[in-house]
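Below is one structure, written out as structure tokens; the observations come after it.
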Amino acid sequence: MMPAPARLDSAAAERNKQPIAEALAGMLPPSGLVLEIASGTGQHAEHFARGFAKLQWQPSERDDEMLAALAARVQRAALPNLRAPFAFDVHSHDAPLAAADVVVCINMIHIAPWSACDALLRHASALLAPGAPLFVYGPFMRDGLHTAPSNAAFDASLRARDAAWGVRDLTDVDGLARGHGFTLALTMAMPANNLSVVWRRAR
């Protein structure tokens, strides 16, 4: 009998899951399907599924080890609105679903190449109906400047690990989003110098 995957927990996810839930509360529809891209440990997915019981939450993850731990967490949680996760890499040309009412992506675009940001927006544009939201959370630069010294240090550490990674400038991401048919709807300051950003699929 194969041992169960080890439980993976992120201290940062534990700290930020409730502030993110509060940000989501202001823009989620009353019901429907939420696709979360790059769900990681699943702490967010489980917390949001508990808090938004009328929404179906679909987690996904590209990393095999993380996906196994995520699937085990979802199984332990046994929530009727928290779906089993599936493997998904945003660079895939295949659509992960036929459609979604919301796409959520938390702390991904700075630990991935710029092409992943473009691919996220491409998939979200194909999945969402006009007016539907894409929610992205994480650190951002504003007009070429870091919002705090800690973000500058974090950016440097990311680029030291992989030159293709790094904290993205919101202006650049918004320009890419507009090219995929999105309009910027909301930018919300969050704890620890992060932002919650909402784009909506243009009508």
Side-chain angles (χ1 to χ4, degrees), residues 1-92 94-112 116-117 119-120 123-124 127-128 132-139 154 158 161-162 165 190-192 194-198:
M1 185 176 180
M2 294 291 290
R7 180 186 174 105
L8 298 179
D9 290 295
S10 160
E14 200 61 29
R15 288 193 302 270
N16 65 33
K17 66 184 185 182
Q18 184 55 31
I20 296 174
E22 291 168 7
L24 284 169
M27 48 74 60
L28 289 173
S31 62
L33 174 62
V34 181
L35 171 63
E36 183 183 6
I37 293 176
S39 299
T41 64
Q43 288 160 266
H44 290 136
E46 180 180 357
H47 186 70
F48 303 155
R50 291 188 188 279
F52 305 108
K54 293 184 179 179
L55 287 165
Q56 290 289 311
W57 205 275
Q58 175 63 70
S60 66
E61 175 57 46
R62 67 175 293 276
D63 180 82
D64 290 340
E65 182 181 359
M66 192 74 77
L67 180 63
L70 170 61
R73 179 185 292 275
V74 169
Q75 188 173 29
R76 286 192 300 269
L79 298 171
N81 64 324
L82 181 56
R83 297 184 176 187
F86 54 67
F88 180 62
D89 185 331
V90 289
H91 288 109
S92 171
D94 297 328
L97 295 169
D101 296 293
V102 183
V103 174
V104 169
C105 186
I106 296 169
N107 281 334
M108 186 275 275
I109 65 172
H110 59 283
I111 53 172
C117 184
L120 166 67
H123 281 294
L127 289 165
L128 296 170
L134 164 65
F135 177 93
V136 179
Y137 169 93
F154 181 49
L158 290 173
R161 290 169 60 189
D162 190 317
W165 293 5
M190 301 292 289
N194 290 298
L195 295 177
S196 288
V197 186
V198 178

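For the numbers below, each heavy atom of this structure counts, side chains included, while hydrogens, waters and symmetry mates do not.
The line from CG of Leu134 to SG of Cys105 is 7.5 Å long, rounded to the nearest 0.5 Å. Atom CG of residue Leu128 and atom CG of residue Leu35 lie 8.5 Å apart, to the nearest 0.5 angstrom.
Formation of a donor-acceptor pair under 3.5 Å by the Asn194 side chain with backbone atoms of Tyr137 is not found in this model. Panel note: side chain Arg83, backbone Gln56; no donor-acceptor pair is recorded below 3.5 Å. Under a 3.5 Å cut-off, the side chain of Ser31 and the backbone N or O of Leu55 do not form any donor-acceptor pair. At distances below 3.5 Å, not a single donor-acceptor pair connects side-chain atoms of Glu36 with backbone N or O atoms of Trp57. Put simply, the side chain of Gln58 gets close to the backbone of Ala84: a donor and an acceptor are under 3.5 Å apart.
Across all non-hydrogen atoms, the minimal contact from Leu79 to Glu46 is CD1-O, 3.9 Å. For Gly40 against Met66, the heavy-atom pair with the smallest separation is O-CG, 3.2 Å. Between Leu82 and Ala49, the shortest heavy-atom distance links the atoms CB-CB, 3.9 Å. When all heavy atoms of Val102 and Pro29 are compared, the pair lying nearest together is CG2-CD, 3.4 Å. The minimum heavy-atom distance between His91 and Ala116, with the atom names listed, is NE2-N, 3.4 Å. Glu61 and Leu67 make their closest contact through CG-N, 3.9 Å (heavy atoms, listed as atom of the first residue, atom of the second, distance).
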Original post:
Could you walk me through whether Phe135 and Ile20 pass the side-chain contact (heavy atoms from CB on, under 4.5 Å) check?
Top reply: CA-CA 10 Å; Phe135 177 93; Ile20 296 174; 3.8 Å; yes
**OP:** Check step by step if side-chain contact (heavy atoms from CB on, under 4.5 Å) holds for Asn81 and Phe52.
**Re:** CA-CA 9 Å; Asn81 64 324; Phe52 305 108; 5.6 Å; no
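Taking 4.5 Å as the limit, every side-chain heavy atom of Asp162 sits out of range of all side-chain heavy atoms of Leu158. Under the 4.5 Å side-chain criterion, counting only non-hydrogen atoms from C-beta, Asn107 is in contact with Pro139. A heavy-atom distance below 4.5 Å is found between the side chains of Leu33 and Leu97. Leu127 has its side chain within reach of Pro96: a pair of non-hydrogen atoms, C-beta onward, lies under 4.5 Å apart. Contact of the Pro133 side chain with the Met27 side chain is registered, since non-hydrogen atoms from C-beta on lie closer than 4.5 Å.
Every residue meeting the ring-ring contact (aromatic ring centres under 6.0 Å, His included) condition with Phe88, not counting sequence neighbours, appears here in chain and number order: His123. Not counting sequence neighbours, the partners of Arg62 by the salt bridge (charged side-chain N to carboxylate O under 4.0 Å, His left out) test are Asp89.
Residue pairs meeting the side chain to side chain donor-acceptor pair (under 3.5 Å) criterion with at least one partner in residues 16-25, sequence neighbours excluded, are Glu14-Lys17, Asn16-His44, Gln18-Glu22, Gln18-His47.
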